[in-house]
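Everything on this sheet refers to the single structure shown next.
The chains referred to below are lettered A, B, ... by the order of the sequence lines, with proteins before strands, and numbering in each begins at 1.
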There are 2 protein chains.
Amino acid sequence: MKNKTSLKDIANAVGVSITLVSYVLNGKGEKNRVSKNTAKKIIDVAKKLNYYPNLSARSLVTNKTRTIGLIVADIANPFFGSLARFIEDAAFSKDYTVIFCSSDENVNKFDRILNFLTTRQVDGFIIAAPEGSGDFIKKLERLKIPMVLIDRYFKELKTNFVGIDNFQSSLLATNHLINNNCKKIGTILYLSKLDHYGDRYDGYVEALNRAGLMNKIELVKRINYGNLNREMALAIKELISLNVDAIYFHTNILAQEGLKQMIILDKNILHKIKVVAFDQNPAFNFLDTFVPYVLQPVAEMANQALTILCDQIDEGKDFKLFKTCLQTELITKSADQFDI
Amino acid sequence: MKNKTSLKDIANAVGVSITLVSYVLNGKGEKNRVSKNTAKKIIDVAKKLNYYPNLSARSLVTNKTRTIGLIVADIANPFFGSLARFIEDAAFSKDYTVIFCSSDENVNKFDRILNFLTTRQVDGFIIAAPEGSGDFIKKLERLKIPMVLIDRYFKELKTNFVGIDNFQSSLLATNHLINNNCKKIGTILYLSKLDHYGDRYDGYVEALNRAGLMNKIELVKRINYGNLNREMALAIKELISLNVDAIYFHTNILAQEGLKQMIILDKNILHKIKVVAFDQNPAFNFLDTFVPYVLQPVAEMANQALTILCDQIDEGKDFKLFKTCLQTELITKSADQFDI
DNA sequence: TCATTTTGCTTTAACGATTAAGCAATATTA
DNA sequence: TAATATTGCTTAATCGTTAAAGCAAAATGA
């Protein structure tokens, strides 16, 4: 790391000006009429001296860092973990750096992260926004900072967005239970005003209404993100005491925790109560009953989000708006059965 | 992001030189005899203009980026995901930025990542090294680049390291099975030359030897990282056909996949074959039998690694060597039973 | 042959910060 | 009162890169 070779070193070695070296190494040699001969010499020496550019210096001039900030709820959550992984790969191949940050669904933390990343001069953001962060998003929008929302969106804001049709997906999930003869379908979601959760809820209600299953009794349980364990245990108990024959979990973490609590109460419960979940969780493989789930095209989401973002960063300020709605799929069979 | 305020703007507004502003905002006002009055003015104006420093410019001068590179096998793996999360938090509070990269246990990818991060001028590395990366680590060492190995280490290299005593932990895990009357204890590990896996293997062998259970028949199955599904299915089948009464999995991913295959073969298998795993996996909660596991102090590992690294970055080149060996624990009971 | 164009390069300024060195004006000491 | 010390600031160099503008020398055209 010490005594790094700079453009100057190469220039001295070859006997030309720094500018010429810069032109050649940036592929602007032709354009600036650098002779083939000199170009070759420069490239050779650069290789010999193991040159790589100082990005701080470059950023200082270009005002671009080739770095983007990714803000999710929690990188340790399997859904966001895999999303992050796909974004990492896509960014790596585009020669972009990603800084991952977890907001813990907390607006204050989110604000601090935004400041942190802004100070780091990121060129843009990919954000899975926490509840109540609308004003911060609005501010980014006003400042014309390149940004793509992912997973979560705000109905009233016109920002780039890559995600799925939560209403339809929820309809799909709920209908699966209905088609399997379930009559009392409970559901467990987060106590949150995020619109995508709202859509999932609406999809559930719509499906029940269409099937004439909407009950007077409230079979909907809303759980606090910060108090998952306790509230889930309670919710499960209550739903069971209400004699539900199915439970639809609105996220994979909810499903993971909910299933855990269900099994604690009764090992054979999944033969009595059908379950559907949003998103996959490796843990589902451990149950003796297959848990159907809504599969999001996470790789696709990651790629699209990154592509939109990078395009906007490159194109500058007058970018158009992209709202991408990807297809989900309801997985009802184990994909990798005993494969030998 | 546009029209950012610079030191110059503040200097002009207050009517002083840029230098003075720099001194004050870096807390070097006292030392450089800036009058209290001027200092206050500078601070006020900086706040009013919403100043934050341009890190590219600063890095150019200081040759420090306050950025570290974290290289793990796969950020989507629960073990590394949670490690990454703790490192993220620790770094955030120290005002360091972390760039996460996944090597996929592939030396070529590892090399490319190393280049990528070096080009990004990271100040140092935290590395869970893939098999065969010893020479690259040696090179970093030779270049005196601050670095801490985590989880995996190289017996022949004298580098900083934070991890656990794999031999002892393995002994612990295997003894647990022995103490539970298991006589034919199979084990499944990766086909890898990484020393920490070697230690785990040695611990297993030592435990069997001490108990006089070392068999003529080979109960050890080695799995290729890249072909987990197929090879695991085979390994499980073979171990079962050899009539093992226990299986010890050397990582949580191995356990996850192995248990899946075991259950596919026989839903009640865990009542016949005892299992112990290295590292926790949320999926274990879904089994009707509790799976004991070796718990690594991940948060502690993250903190120590970051502290050692940051200290070395600050102190410069003549740092001492740290090898930290943290205690593990064998968890034999579900910690969060129905907690209501 | 002289004006014009093209070729191949260099000069110079800029990006925004840090930091050693310098320099008046004022205060202190002998 | 003159020499010295302190206070409060500024100047200038530097980090490594980009890029607009400029400038000889060689090639082309009339």
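- Separating the CD1 atom of B/I18 from the P atom of C/dA17 is a distance of 8 Å, rounded to the nearest angstrom.
- For the pair A/K31 NZ and D/dA21 P, the computed distance is 13 Å after rounding to whole Å.
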Side chain to side chain donor-acceptor pair (under 3.5 Å) for A/S102 and B/E88? Distances and angles first, verdict last. CA-CA 8 Å; A/S102 307; B/E88 177 199 327; 2.9 Å; yes

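- Between A/S35 and C/dC9 there is a side-chain polar atom (N or O) within less than 4.0 angstrom of OP1 or OP2.
- When each of B/T19, B/V14, B/V21 is paired with B/S17, the side-chain contact (heavy atoms from CB on, under 4.5 Å) condition holds for B/T19 and for no other.
- Phosphate contact (OP1/OP2 of D/dG16, side-chain N/O of A/Y52, threshold under 4.0 Å): absent.
- When each of B/V72, B/I150, B/I137, B/T159 is checked for a side-chain contact (heavy atoms from CB on, under 4.5 Å) with B/I127, only B/I137 meets the rule.
- In this structure, the CG atom of B/L20 is 15 Å from the P atom of D/dT7, given to the nearest Å.
- At least one side-chain nitrogen or oxygen of B/S22 sits closer than 4.0 Å to the OP1 or OP2 atom of C/dT18.
- Within the 4.0 Å cut-off from OP1 or OP2 of D/dA19, at least one side-chain nitrogen or oxygen of A/K28 is found.
- Residue contacts shown for A/S59 are absent, as no nucleic acid heavy atom lies under 4.0 Å away.
- Atom P of nucleotide D/dC15 and atom NZ of A/K4 are separated by 13 Å, given to the nearest angstrom.
- Protein atom CG of B/D9 is 13 Å distant from nucleotide atom C1' of C/dC15, rounded to whole Å.
- With respect to the salt-bridge test (charged N to carboxylate O, under 4.0 angstrom), the residues A/R152 and A/E105 qualify.
- Regarding A/I42, its CD1 atom lies at a distance of 11 Å from the C1' atom of C/dG8, rounded to whole Å.
- For A/V16, the side-chain atoms get nearest to C/dT10 when compared with the rest of C/dT18, D/dT18, C/dT10.
- Salt bridge status for B/E141 with B/K158: present, with a side-chain N to carboxylate O gap under 4.0 Å.
- Counted within 6.0 Å of NZ on B/K139, heavy atoms from surrounding residues, nucleotides or ligands total 12 or fewer; the atom is thus considered open.
- When each of B/K36 and A/V61 is assigned the nucleotide of DNA chain D with its nearest heavy atom, B/K36 is the one assigned upstream, toward the 5' end.
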So which protein N/O to nucleotides 20-28 of chain C N/O distances come out below 3.5 Å?
none

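- Taking atom CG of residue B/L60 and atom C1' of nucleotide D/dT17, one finds them 8 Å apart after rounding to whole Å.
- Contact annotation for A/S6: backbone-only contact, meaning every heavy-atom pair under 4.0 Å involves sugar-phosphate atoms and none involves a base.
- In this structure, A/R85 pairs ionically with A/D89, as a charged nitrogen and a carboxylate oxygen lie closer than 4.0 Å.
- Checking D/dT18, C/dA17, D/dT17 against the side-chain heavy atoms of B/L7 singles out C/dA17 as nearest.
- The side-chain hydrogen bond (donor to acceptor under 3.5 Å, both in side chains) with B/K40 is formed by just one residue from the set B/N37, B/D44, B/T38; it is B/D44.
- Remark: B/N63 is not in phosphate contact with D/dC15, judged by side-chain N or O atoms under 4.0 Å from OP1 or OP2.
- At the heavy-atom level, A/S17 lies under 4.0 Å from base atoms of the strands shown.
- As judged by a 4.0 angstrom heavy-atom cut-off over every strand, A/S56 is placed among residues making no nucleic acid contact.
- Mapping B/A39 and B/A57 onto DNA chain D by nearest heavy atom places B/A39 at the nucleotide closer to the 5' end.
- Rounded to whole Å, the distance from CD on B/Q121 to C1' on D/dT17 is 11 Å.
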